[in-house]
Amino acid sequence: MTATKGLEGVVAAQSSISSIIDDQLTYVGYTIDDLAENASFEEVIYLLWNKQLPTQSQLDALKKELDENMALPEGVIEHLRSYDLSSVHPMSALRSAVSVLGLYDREADVMDNEANKRKAIRIQARIASVVAAFSRLRKGQDPVQPKKGLSFAANFLYMLNGKEPEPIEEEAFNKALVLHADHELNASTFTARVCVATLSDIYSGITAAISALKGPLHGGANEQVMKMLTEIGEEENAIPYVKKALDNKEKIMGMGHRVYKTGDPRAKHLKQMSKQLTELIGEPKWYNMSVKIEEYIKKEKGLPANVDFYSASVYHSLGIDHDIFTPIFAVSRVSGWIAHILEQYENNRLIRPRAEYVGPQKQAYVPIEKRG
Ligand SMILES: CC(=O)SCCNC(=O)CCNC(=O)[C@H](O)C(C)(C)COP(=O)(O)OP(=O)(O)OC[C@H]1O[C@@H](n2cnc3c(N)ncnc32)[C@H](O)[C@@H]1OP(=O)(O)O
Ligand SMILES: O=C([O-])CC(=O)C(=O)O
């Protein structure tokens, strides 16, 4: 038995949700370019969960269900008020709050398909509310109740900021949600599938997935990109900064990808949005220094920008706190996690690979008093 480090190239599941072939990403066979330009996030949720685009009445029904389930149980708000919010990372808060959400769901451990679909709606709707409530509570503001009839994107920004977004903000945020919704067997999705393949419940699967997304090699990279841009400060510092980082064998966040070698097809959409939005807020330097870094890393290391690179300056331009970037990734990706969890339940087998043992062999037990 020989291990493949990081499971690179290992095909670990069959799926009909999303695919990456020749650096092209599709959700259920629709290209990400087509969806990013045309689809609402709600349509994408429906697509991922039902493997087909909704009719108008199916979309209306989904929107109504999301609207009806967005408000948080009072116990979850109390939970968020029960600890020092200033001392925790929002991803840790989200991870714990989703676990608490499960405690307030009477169907949490009901495993049939219909119950799982009802829980899917509740989780999708409430994760957005948790992130918004957390963000407000830690600033000493009360949570804002969701407003029925708004799009998912607009409702999130409304709950976050207490005012409805401008059309350009809503459109940009919707596109970001569409672009982040699913991505085949990335680390957090794989984590979710491993978890529920034991026939554990959907809240456990999502909590596990959030835990995996948090890391800076995965979803946590978007926050780190903005940290880097902030440290760089001005355009002329960009190249010296990344050159020094490479000399020190440090990784440049938002660059490189396990699967994409020529480019991440989501990045060009975010790049375009970054240009537009940073100009709009009068801070084009974030876009300009990002372009410089992207070009330099491509030239020096042959690595492309990934989805996390330009999303950082997009979210910054929308006025979102930098440590809320990764929770926003979760607000979108939960749609994909749920799709994969439902797909795993449909045709389940325990996921249990092997390890190549490389430790000592044939050791004889030594009584404790004789150990040196
Ligand atoms: C939503 C997402 O999860 S997208 C990914 C978000 N993560 C990041 O942006 C973090 C930065 N990027 C990385 O760490 C990596 O490119 C990953 C984790 C995304 C992919 O990693 P892997 O496929 O395992 O590649 P690995 O880390 O083994 O790197 C291969 C080589 O490229 C180099 N490399 C990879 N990414 C980078 C980077 N961002 N900056 C500098 N060098 C890099 C490595 O140092 C390594 O070089 P070496 O062979 O000389 O040691
Ligand atoms: O697929 C991956 O490894 C990481 C990624 O881009 C994502 O999860 O969107």
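Whatever order the structure lists them in is the order used to number ligands and atoms, beginning at 1. Owing to the predicted nature of the structure, the values given are computational and were not obtained by experimental measurement. Reckoned from all heavy atoms, side chains included, excluding hydrogens, waters and symmetry mates.
Contact atoms of ligand 1 toward V307: 1 (C) (distance under 4.0 Å to a heavy atom of the residue). Shown in contact with R266 at under 4.0 Å from a heavy atom are these atoms of ligand 2, numbered in order with element: 5 (C), 6 (O), 7 (C), 9 (O). For ligand 2, the atoms sitting less than 4.0 Å from at least one non-hydrogen atom of H257 are 1 (O), 2 (C), 3 (O), 4 (C), 5 (C), 6 (O), numbered in the order shown with element in parentheses. In the vicinity of D308, heavy-atom distances shorter than 4.0 Å reach the ligand 1 atoms 1 (C), 2 (C), 4 (S), 6 (C). Near L303, meaning under 4.0 Å from any of its heavy atoms, are these atoms of ligand 1: 34 (N), 35 (C), 36 (N), 37 (C), 38 (C), 42 (N), 43 (C). Which parts of ligand 1 touch A221 is read off a 4.0 Å heavy-atom cut-off, strictly below it: atoms 6 (C), 7 (N), 8 (C), 9 (O).
Distance check on atom 6 (C) of ligand 1: some protein heavy atom falls below the 4.0 Å cut-off. By the definition of a contact as any protein heavy atom under 4.0 Å away, atom 28 (O) of ligand 1 is not in contact. For atom 25 (O) of ligand 1, no protein heavy-atom neighbour is found at a distance under 4.0 Å. The nearest protein heavy atom to atom 34 (N) of ligand 1 is closer than 4.0 Å.
Taking a 6.0 Å sphere around NZ of K243, one finds it holds 12 or fewer heavy atoms contributed by other residues, nucleotides or ligands. Around NZ of K275, the count of heavy atoms belonging to other residues, nucleotides or ligands within 6.0 Å does not exceed 12. Residue K261 places its NZ atom among more than 12 non-hydrogen atoms of other residues, nucleotides or ligands, all under 6.0 Å distant.
Using a 4.0 Å cutoff on heavy atoms, P216 counts as a contact of ligand 1. Not a single heavy atom of N186 lies less than 4.0 angstrom from ligand 1.
Linking ILVMFWY residues whenever their side-chain heavy atoms come closer than 4.5 Å, directly or via other members, leaves L185 and L342 in distinct clusters. Both L103 and L80 belong to a common hydrophobic cluster when Ile, Leu, Val, Met, Phe, Trp and Tyr are linked at side-chain heavy-atom distances under 4.5 angstrom. A continuous path of hydrophobic side-chain contacts links F309 to L246 [ILVMFWY only; heavy atoms under 4.5 Å]. Under a hydrophobic clustering in which Ile, Leu, Val, Met, Phe, Trp and Tyr are joined whenever their side-chain heavy atoms come within less than 4.5 Å, directly or via other members, M91 and Y83 fall into the same cluster.
When heavy-atom distances to ligand 1 are checked against a 4.0 Å cut-off, N306 comes that close only through its side chain, counted from C-beta outward. At a 4.0 Å heavy-atom cut-off, ligand 2 does not touch E184 at all.
Each of R118, K119, K117 was scored for a salt bridge (Lys or Arg N to Asp or Glu O under 4.0 Å) with E107, with one residue passing: R118.
If you check each of A187, A267, A305, G254 against atom 9 (O) of ligand 1, the one with the closest non-hydrogen atom is G254. Between atom 42 (N) of ligand 1 and the options M253, E300, K301, the minimum heavy-atom separation is to K301.
Closest of all the heavy-atom pairs between F41 and V331 is CZ-O, 4.0 Å.
The protein atom (non-hydrogen) at minimum distance from atom 15 (C) of ligand 1 is K251 NZ, 3.9 Å. Looking only at protein heavy atoms, the nearest one to atom 8 (O) of ligand 2 is R333 NH1, 2.8 Å. The shortest contact between atom 7 (C) of ligand 2 and any protein heavy atom is with H183 ND1, 3.4 Å.
At least one N/O-N/O distance between H218 and ligand 1 falls below 3.5 Å. Looking at ligand 1, you won't find any N or O of F329 less than 3.5 Å from one of its N or O atoms.
Seen from the ring of Y365, R371 counts as a face-on cation partner, given the 6.0 Å and 45° thresholds.
Aromatic ring pairs are classed by plane angle as parallel below 30°, tilted from 30° to 60° and perpendicular above 60°; the pair F329 and H180 is perpendicular.
H218 places a side-chain N or O within 3.5 Å of a backbone atom of S188 that can act as its donor or acceptor partner.
Side-chain N/O atoms of W286 and S274 include no donor and acceptor closer than 3.5 Å.
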